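Each ligand, and each atom within it, is numbered from 1 in the order the structure gives. In this text, all values refer to a predicted model and were calculated from it rather than measured experimentally.
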Amino acid sequence: MTAKISTRKFDVVIVGAGGSGMRASLQLARAGLNVAVLSKVFPTRSHTVAAQGGIGASLGNMSEDNWHYHFYDTVKGSDWLGDQDAIEFMCREAPKVVYELEHFGMPFDRNADGTIYQRPFGGHTANYGEKPVQRACAAADRTGHALLHTLYQQNVKARTQFFVEWMALDIIRDAEGDAVGVTALEMETGEVHILHAKTVLLATGGAGRIFAASTNAFINTGDGLGMAARAGIPLEDMEFWQFHPTGVAGAGVLLTEGCRGEGAILRNANGERFMERYAPTLKDLAPRDFVSRSMDQEIKEGRGCGPNKDYILLDMTHLGAETIAKRLPSVQEIGHNFANVDITKEPIPVVPTIHYQMGGIPTNVHGQVVVPKNGKHNDIINGLYAVGECSCVSVHGANRLGTNSLLDLLVFGRAAGNHIVDFNLKTKSHKDLPKDAADRTLARLARLDGTTSGEYAQDVANDIRSAMQQHAGVFRTQAGMDEGVTKIAALRERVANLELKDKSKVFNTARVEALEVENLIEAAQATMVSAAARKECRGAHTVYDYEHPADHPTAPLGRDDANWMKHTLWYSEGSRLDYKPVNLKPMTVDTVPPKVRTF
Ligand SMILES: Cc1cc2nc3c(=O)[nH]c(=O)nc-3n(C[C@H](O)[C@H](O)[C@H](O)COP(=O)(O)OP(=O)(O)OC[C@H]3O[C@@H](n4cnc5c(N)ncnc54)[C@H](O)[C@@H]3O)c2cc1C
């Protein structure tokens, strides 16, 4: 079968043209490698474009700061599930990648002295938790937009080859398990191609569309996760999903944490600044898991706003029209367009909304995909890398701090690029494609093309989303998660029975959607099964059944370090779980020992 398929050869194939994919491709193209970047959409429409608030780096332009503080905050923010070697690497590299971006032409906001403008952000502090720090490097509230356009232009200059509206379908692994390419669907023609490569890098972004209410773009269907899961690679820590405190109620569109960085305040139905009660030091700028839980608690206790008491108000009226126009122009537009609110005059209704996956494809600090093998916890898969939101290094652990994702894209996109350059210069030739290179993909497509009955992909996708919303929310219960596991298993059977009614070739979006649902189900099942198995509360995984530590009533409910300070690994085959230890040993500094997390 495979012989008939068009095959192209590159040094490196990158799946994904968001911030992480394009930071990696830039490094490779500049080194003279032949690089192909595939994207389902035009590169600058990747979800990175929607990032608003900023990039974390301890430049210390506006308040005293250094990377040790950033390191401490990130470990604490991760609720001690982040690997401290990777966190140290990221925080130390941060100023370098931001200055590099500045030299690429990124239009950051400026201070009067010409340095990059930095705003406060949740969980980022000076002097180890003492007070908020100004660490988020920002271009108004359009930081991701500025970042993505800068990287795209640099890539055009470096002659990166883009394959726009090409959807990668499966990873090709040879008999030794090495990655040697991907299969992809050219959406315009409906043709399937093999892209043969010395190295494959996945940069497909998050799977936020497994939930019903999400700040994520519609393309965020977890394709890289699905590709990895089908290729026998486990997914790490998928139970940890971040709810962003301030999605516009009813619309899901994000209002950046930069609003609170600029001084916005959350208020309940009594007009009270309730975060003072939950996080006396950082208040509205506590980390996201904390703030989302506190908001949900206010709503549950009857202090929600509006006729149904089901949202919280974000108040920016005291910031002044001038600051809002200068620092938060998009937020002002979003308020007007999605809530019919003039944020300079009245507060805007918000609810915690799914935003970011902390878990993903397991990697090391070079971006190499690692799996348990040969008696090692982290054995590399030759030729396979993953960076950005689809990967789990793990720097975010159980809860990501705002601004640390854009940073993660830059640091690990660059690091993976550098590692691949070294590796590719040494390996001169491509490994052979296996005879069955495209068989899995062709079988998936043939099944869809052969259907005469079955369900419509979007109906099944919607049921996946509502099951996830119901069973894996801000507050979880053991019984609820167990029920969710059963529901998702039943949904997997329905995914196997999707029908493709329109079998045409040219730009058939129904085929693309059906293929995406096959990825959604992998991400959803990984999340549900991993969550139900974790019998503690940590970071964004909050389960009612596990009690508060008696001496810390405001701390997150019980974290169980003795039994659960470990990473989850979920395998698609048999929906099996495994675990590996957290690395508490940084590269050069002392460990941050676990303690109760208060703010
Ligand atoms: C509204 C919003 C605001 C945010 N604000 C911030 C912020 O201020 N600071 C911060 O640090 N983080 C922020 N985040 C998080 C951060 O923006 C994302 O985690 C990050 O941009 C993801 O980048 P990425 O490179 O991993 O993937 P993305 O930017 O999501 O790009 C994924 C790419 O993969 C491609 N792709 C996917 N599947 C396939 C396939 N099968 N075949 C081919 N191509 C494929 C897509 O076309 C796209 O090009 C925000 C997120 C959202 C949703």
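- Residue contacts with ligand 1 for His47 involve both N, CA, C or O and side-chain atoms from C-beta outward (heavy atoms, distance under 4.0 Å).
- If you check each of Thr143, Leu38, Thr48, Ile55 against atom 29 (O) of ligand 1, the one with the closest non-hydrogen atom is Thr48.
- Looking at Ala386, Ala51, Gly224, Ser20, it is Ala51 that brings a heavy atom closest to atom 6 (C) of ligand 1.
- Under the 4.5 Å side-chain criterion, counting only non-hydrogen atoms from C-beta, Ile334 is in contact with Gln52.
- In this structure, Val393 and Met90 have side chains that are not in contact, with every pair of non-hydrogen atoms separated by 4.5 Å or more.
- Contacts between Tyr356 and ligand 1, counted as non-hydrogen atom pairs separated by less than 4.0 Å, involve the side chain only.
- A cation-pi contact, defined as under 6.0 Å to the ring centre and within 45° of the axis, is absent between Arg465 and Phe211.
- Of the heavy atoms in Leu406, both backbone and side-chain atoms come closer than 4.0 Å to ligand 1.
- Residue Thr215 places a heavy atom less than 4.0 Å from ligand 1.
- By the 4.0 Å heavy-atom criterion, Ala203 is counted among the residues contacting ligand 1.
- For the pair Thr256 and ligand 1, no heavy-atom separation below 4.0 Å is found.
- Contacts with ligand 1 closer than 4.0 Å are made by heavy atoms of both the backbone and the side chain of Val41.
- When the heavy atoms of Ala168, Gly56, Ala24 are ranked by distance to atom 42 (N) of ligand 1, first place goes to Ala168.
- Ring pair Tyr152/Phe162 is tilted by interplanar angle, where 30° to 60° counts as tilted.
- Against a heavy-atom cut-off of under 4.0 Å, Asn404 is close to the following atoms of ligand 1: 11 (O).
- Heavy atoms of Gly144 stay at 4.0 angstrom or farther from ligand 1.
- Residue contacts with ligand 1, taken as heavy atom pairs separated by less than 4.0 Å, involve Arg400 solely via side-chain atoms from C-beta onward.
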